[in-house]
Amino acid sequence: MTTSETTFAATAAGLVTPVLHWYDEHARDLPWRRPDASAWSVLVSEFMLQQTPVARVLPIHDAWLRQWPTPAALAAEAAGEAVRAWGRLGYPRRALRLHAAAAAITDQHAGRVPSAYDDLRALPGVGDYTAAAVAAFAYGQRQVVLDTNVRRVLARAVAGVEFPARSVTRAERDLGATLLPEDPPTAATWSVAVMELGALVCTADRPRCDGCPVRRLCAWQAAGAPAYDGPPRPAQAYAGTDRQCRGRLLAVLRDAPGAVTRAHLETTWDEPVQRERALGSLVADGLVVATADGRYALP
DNA sequence: GATGCGTGGAC
DNA sequence: TGTCCAAGCAT
């Protein structure tokens, strides 16, 4: 190991204890983190939190768990009810996938959220992050959990750059594995702690470095907090896009008690070509179904 | 690996 | 006000 690699590893290892202590004092009290939270509650939270802020998830998660306290309860419903209950959380395909995951859990895992990473990863809508997160947070396993928060903390504290690469790199996985404490429950706490640090302190915009427990160790701070100089991230347009059009159409169906007419849908979007394309894509995704009488409804 | 996929809050 | 972005996933 070279001198620089030795220094790198020592710096990285020094992050763990301060972050654990910081988490002990500053962790938010979130429903899915409580000791009595079920694995199902954790799984639902992870679906909802994909690309969605905690504040918007809280009320929907609460209502969801009241309505469907178990995977089997959700699996017994029509998928459209899941889409309806999803409300305006965004990315409604997640509701469909969560419903499909509940069905798979009911059919293939006797109604119990699986604990093995590979079983979780095989569920609809569960990728590398969500599988690792549920294994760690619901079952206390030792897993490398890499989300946007963790990746940003490591990019700054260890690599000395403001933002991580566009996609997860081999180096990040190796670093995550190196940092992970040996003891499984401690590893699981570290994973949630470093995520929380990214969410509350080491934020994308205006990080609160004054309150950071590892400021002294941070490579980005040591370098003078240089601005990001990588390729610009493409701005995600929304106004006038198919995504907005889909959102409008689906909102009409969510708010209607049953099927709606094509004429009703047409009032929500002026441009006919785009409207038809969006409606077609919603049907293709399974978020909307055409009824026998030519109307449209949730599945 | 690049795209498409919602929504609303913060500035 | 427009811009950015928030615990990703599937294709």
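Naming convention: chains lettered A, B, ... in sequence-line order (proteins, then strands); numbering from 1 in each chain. Bear in mind that the values here come from a model prediction, so they are computed numbers and not experimental data.
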- Task: For A:Arg88, answer base if it contacts any base atom (sugar-phosphate contacts may also be present), sugar-phosphate if it contacts only those atoms, and nothing otherwise; contact means non-hydrogen atoms under 4.0 Å.
- Result: sugar-phosphate
- Task: With heavy atoms under 4.0 Å as the rule, sort A:Phe47 into base, sugar-phosphate or nothing.
- Result: nothing
- Sugar-phosphate, base or nothing in reach of A:Leu250, heavy atoms under 4.0 Å: nothing
- Message: Please identify which of these residues, A:Val44, A:Leu89, A:Leu49, meets the side chain to side chain contact (heavy atoms under 4.5 Å, CB included) condition with A:His61.
- Response: A:Val44
- Message: For the P atoms, the ones on C:dC9 and on B:dG8, what distance do you get once it is rounded to whole angstrom?
- Response: 23 Å
- Hey, does A:Gln244 reach any base, or is it just sugar-phosphate, or nothing, if we go heavy atoms under 4.0 Å? nothing
- Do any N or O atoms from the side chain of A:Arg121 and from the backbone of A:Val126 form a donor-acceptor pair under 3.5 angstrom? yes
- Touch class at under 4.0 angstrom, heavy-atom based, for A:Leu96 against every strand present: nothing
- Task: Please work out which residues in residues 112-134 of chain A have a non-hydrogen atom less than 4.0 Å from an atom of DNA chain B and list them by number.
- Result: none
- Task: Classify the nucleic acid contact of A:Arg33 as base, sugar-phosphate or nothing, counting any heavy atom under 4.0 Å across all strands shown.
- Result: base
- Item | B:dT3 versus C:dA7 - spacing of their P atoms, nearest Å | 23 Å
- Query: For A:Arg28, which contact category applies under a 4.0 Å heavy-atom criterion: base, sugar-phosphate, or nothing?
  - Reply: base
- Item | Whole-Å C1' distance, C:dC4 and B:dG6 | 15 Å
- Tell me, do A:Leu250 and A:Pro92 make a side-chain contact under 4.5 Å, heavy atoms counted? yes
- Any chance you could measure A:Arg254, atom CZ, to A:Leu249, atom CG, to the nearest 0.5 Å? 11.0 Å
- Distance-only, no hydrogens or angles: does the A:Trp220 side chain make a donor-acceptor pair with backbone N or O of A:Pro226 under 3.5 Å? yes
- Message: Regarding A:Trp86, tell me which of base, sugar-phosphate or nothing describes its non-hydrogen contacts under 4.0 Å with the strands shown.
- Response: nothing
- Message: Can a side-chain donor-acceptor contact be found between A:Arg34 and A:Ser41 if the only test is distance below 3.5 angstrom?
- Response: no
- Lys/Arg N to Asp/Glu carboxylate O, A:Asp29 vs A:Arg33, below 4.0 Å: no
- Message: Working to the nearest 0.5 angstrom, can you tell me the gap between A:Gln274 CD and A:Arg277 CZ?
- Response: 5.5 Å
- Task: With DNA chain B as reference, determine whether A:Leu287 or A:Ser167 sits nearer its 5' end, using the nearest nucleotide of each.
- Result: A:Ser167
- Task: Could you label the plane-to-plane angle of the A:Trp68 and A:Trp64 rings as parallel, tilted or perpendicular, counting under 30° as parallel and over 60° as perpendicular?
- Result: perpendicular
- Span of DNA chain B engaged by chain A, first through last nucleotide within the 4.0 Å heavy-atom cut-off, is B:dG4 to B:dG8
- Taking heavy atoms of chain A and a 4.0 Å limit, find me the 5'-most and 3'-most nucleotide of DNA chain C within that range. C:dC4 to C:dA10
- Query: NA contact type, A:Arg56, heavy-atom cut-off 4.0 Å: base, sugar-phosphate, or nothing?
  - Reply: base
- Say whether, by atom type as modelled, one donor and one acceptor occur between the side chain of A:Glu81 and the main chain of A:Ala78 under 3.5 angstrom. no
- Item | Nearest-nucleotide comparison on DNA chain B, the residue closer to the 5′ end among A:Asp205 and A:Leu282 | A:Leu282
- Message: Please report the interatomic distance CZ(A:Arg248) to CZ(A:Arg243), rounded to the nearest 0.5 Å.
- Response: 15.0 Å
- Message: Does this structure show an ion pair linking A:Arg94 with A:Glu46, if we count only N-O contacts that are shorter than 4.0 Å?
- Response: no
